[in-house]
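Worksheet for the structure shown next.
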Amino acid sequence: MFRQTEHFIDSKMALTPLACVLLLLSMQCYINTFAVILKTRNPKPWVNEFESVELSCMIESISTSNPRIEWKKIKMGEPSYVYFDKEIAGDLEKRASIRESATLVILNATRADTADYRCEVTAPNDQKSFDEILISLTVRVKPVVPRCSVPKSVPVGKPAELHCLEYEGYPKSHYQWFRNKEEIPEDPKSSPKFFNSTYTLSRQMGTLKFSAVKKEDAGEYYCRARNEAGFSECGPQMMEVYDINIAGIILGVVVVVTVLLCITMGIFCAYKRGYFTSQKQTGKNYKAPEKGDGVDYVKTENEGDFRHKSSFVI
């Protein structure tokens, strides 16, 4: 009798965990039956500009036959309706549609569509009557042709800077530089062809800076802007590297100084000889002849014409 009682108690205790599991499952089914539950296939979708994209919002569980579905676009912290009262609104009007219960499909996506989108479903007849899902959309934009700046000629041993930049690509572009159709590595020591070059390359800023240009740095340079959506290149530009002729420069300076000295001496000698002075004899500086023999001379209107005074007596 004691053994039978002990066996009964062990059986009851063994059934207790199973009963708990069944109870939890039944409660879960009850909650699911009377609760709206949403799910998505991709919470962070991306698309290239001018292509179509699907923002997945699927109703996994619901009891209400006609729930209210709304989509909101959240950009810079400000929400705005894109689907309300069963109509597409805002900047997605005529470019979007709803399918598969609550999924939003955007046609011809543009860079302005990059934002967070919130799918909201309200089911008044359900025990849990509201649920929402946040989806972050990224519209990738291919870079445009970058603006490239390459110096035409640089003397040996002097610094030089090459610049490459474009503003349209999204996400932000990274840059590659090429010389004679061969990519320039970030570390010149990693390639035999660039081992002797002294430069720094910034793929984020698009700059290629030579601290001291060498003859082998001459060539055709071009830049490529690249991101996840594609790439664009500028046309090749020639950079020449020339030697500085020190002897020629010194000779030129000597010649210029000699010429200037000769001109200065010539002007000085000419001045000494009176070539730069002129004297004009006019009526104002005319000196009358001295009086003699009691004769007075009177100057007439015509310069140099004199007559005797009436007091003159022979």
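The analysis underlying the following values was restricted to heavy atoms, covering all of them including side chains, and did not include hydrogens, waters or symmetry mates. Everything numeric here is computed off the predicted structure, so don't read it as measured data.
Salt-bridge annotation for Glu54 and Arg99: present, with a side-chain N of the basic residue lying under 4.0 Å from a carboxylate O of the acidic one. Between Lys72 and Glu120 there is a salt bridge, since at least one side-chain N of the basic residue sits less than 4.0 Å from a carboxylate O of the acidic one. Contact check on Glu182 versus Lys193 returns a salt bridge, with a Lys/Arg side-chain nitrogen under 4.0 Å from an Asp/Glu carboxylate oxygen. Between Glu168 and Lys142 there is no salt bridge, since no side-chain nitrogen of the basic residue lies less than 4.0 Å from a carboxylate oxygen of the acidic one. Comment: Lys86 does not engage Glu70 in a salt bridge, judged by the lack of any side-chain N to carboxylate O separation of less than 4.0 angstrom. A salt bridge is absent between Asp85 and Arg68: the closest approach of a Lys/Arg side-chain nitrogen to an acidic carboxylate oxygen does not fall below 4.0 angstrom. A salt bridge links Asp91 with Lys73: the closest approach of a Lys/Arg side-chain nitrogen to an acidic carboxylate oxygen falls below 4.0 angstrom. Between Glu183 and Arg203 a salt bridge is recorded (basic side-chain N to carboxylate O distance below 4.0 Å). Under the 4.0 Å criterion applied to side-chain N and carboxylate O atoms, Asp217 and Arg179 are assigned as salt-bridge partners.
With 3.5 Å as the limit, one finds no donor-acceptor pair spanning the side chains of Asn42 and Ser56.
Sparse packing is recorded around CZ of Arg147, with 12 or fewer heavy atoms of other residues, nucleotides or ligands lying under 6.0 Å away.
In this structure, CD1 in Ile184 is found 10.0 Å from OG in Ser191, a value given to the nearest 0.5 Å. Atoms CZ and SG, from Phe178 and Cys234 in turn, are 10.5 Å apart once rounded to the nearest 0.5 Å. The CG atom of Asn196 lies 5.5 Å from the CD atom of Glu216; values are rounded to the nearest 0.5 Å. The CG atom of Leu208 sits 11.0 Å away from the CD atom of Glu186 when rounded to the nearest 0.5 Å. Remark: Glu233 CD to Tyr222 OH distance equals 5.0 Å, nearest 0.5 Å. In this structure, Ser80 OG and Ile74 CD1 are separated by 8.5 Å, a value rounded to the nearest 0.5 Å.
Each of Leu92, Leu55, Thr103, Ile88 was evaluated against Trp71; a single residue qualifies, Leu55, per the side-chain contact (heavy atoms from CB on, under 4.5 Å) test. If you run side-chain contact (heavy atoms from CB on, under 4.5 Å) between His174 and each of Gln204, Met205, Arg224, only Gln204 comes through. Each of Asn227, Thr114, Asn48 was evaluated against Arg140; a single residue qualifies, Asn48, per the side-chain hydrogen bond (donor to acceptor under 3.5 Å, both in side chains) test.
Residue Val156 is grouped with residue Leu162 when hydrophobic side chains (ILVMFWY) are merged at heavy-atom distances under 4.5 angstrom, including chains of intermediate members. Residue Val47 is grouped with residue Ile98 when hydrophobic side chains (ILVMFWY) are merged at heavy-atom distances under 4.5 angstrom, including chains of intermediate members. Residue Val150 is not grouped with residue Tyr175 when hydrophobic side chains (ILVMFWY) are merged at heavy-atom distances under 4.5 angstrom, including chains of intermediate members. Clustering ILVMFWY residues whenever any of their side-chain heavy atoms sit less than 4.5 angstrom apart, transitively, puts Leu104 in a cluster other than the one holding Tyr81. Following chains of ILVMFWY side-chain contacts shorter than 4.5 Å, one can reach Ile133 starting from Tyr83, so the two form part of one hydrophobic cluster.
Between Leu107 and Ser52, the closest side-chain pair of non-hydrogen atoms falls below 4.5 Å. At least one side-chain heavy atom of Thr198 sits under 4.5 Å from a side-chain heavy atom of Lys214. Using a 4.5 Å cut-off on side-chain heavy atoms (C-beta onward), Gln176 and Arg226 make contact. Side-chain contact check for Thr110 versus Val139: every heavy-atom pair is 4.5 Å or farther apart. Taking 4.5 Å as the limit, every side-chain heavy atom of Asp131 sits out of range of all side-chain heavy atoms of Val121. In this structure, Thr138 and Tyr170 have side chains that are in contact, with non-hydrogen atoms separated by less than 4.5 Å. Counting only heavy atoms from C-beta outward, the side chains of Asp243 and Pro155 never approach each other to under 4.5 Å. Using a 4.5 Å heavy-atom threshold, the side chains of Leu38 and Ile59 count as touching.
In this structure, Lys209 is not positioned above the aromatic face of Tyr199 in the sense of NZ or CZ being under 6.0 Å from the six-membered ring centre and within 45° of the axis.
The SG atoms of Cys119 and Cys57 are placed within less than 2.5 angstrom of each other. Under the 2.5 Å SG-SG cutoff, Cys223 and Cys148 do not qualify as a close cysteine pair.
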Item to check | Check against side chain to side chain contact (heavy atoms under 4.5 Å, CB included), Met58 and Arg41 | outcome: CA-CA 8 Å; Met58 297 176 292; Arg41 286 192 289 265; 3.0 Å; yes
Checklist entry - When you look at Leu137 and Val53, which way does the side chain to side chain contact (heavy atoms under 4.5 Å, CB included) test go after all the steps? => result CA-CA 9 Å; Leu137 172 64; Val53 63; 3.9 Å; yes
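Between the Asp187 side chain and the Lys189 main chain, a donor and an acceptor come within less than 3.5 Å of each other. Here the side chain of Thr64 pairs a donor or acceptor atom with the backbone of Asn125 at under 3.5 angstrom. The closest donor-acceptor contact from the side chain of Trp177 to the backbone of Gly206 lies under 3.5 Å. A distance-only check finds no donor-acceptor pair linking the side chain of Ser173 to the backbone of Gly169 [under 3.5 Å]. Distance alone, capped at 3.5 Å, is enough to place a donor-acceptor pair between the Lys128 side chain and the Val36 backbone. Thr122 places no side-chain N or O within donor-acceptor distance of the main-chain N or O of Phe130, the cut-off being under 3.5 Å.
Heavy-atom minimum distance, Glu220 versus Pro236: OE1-CB, 4.1 Å.
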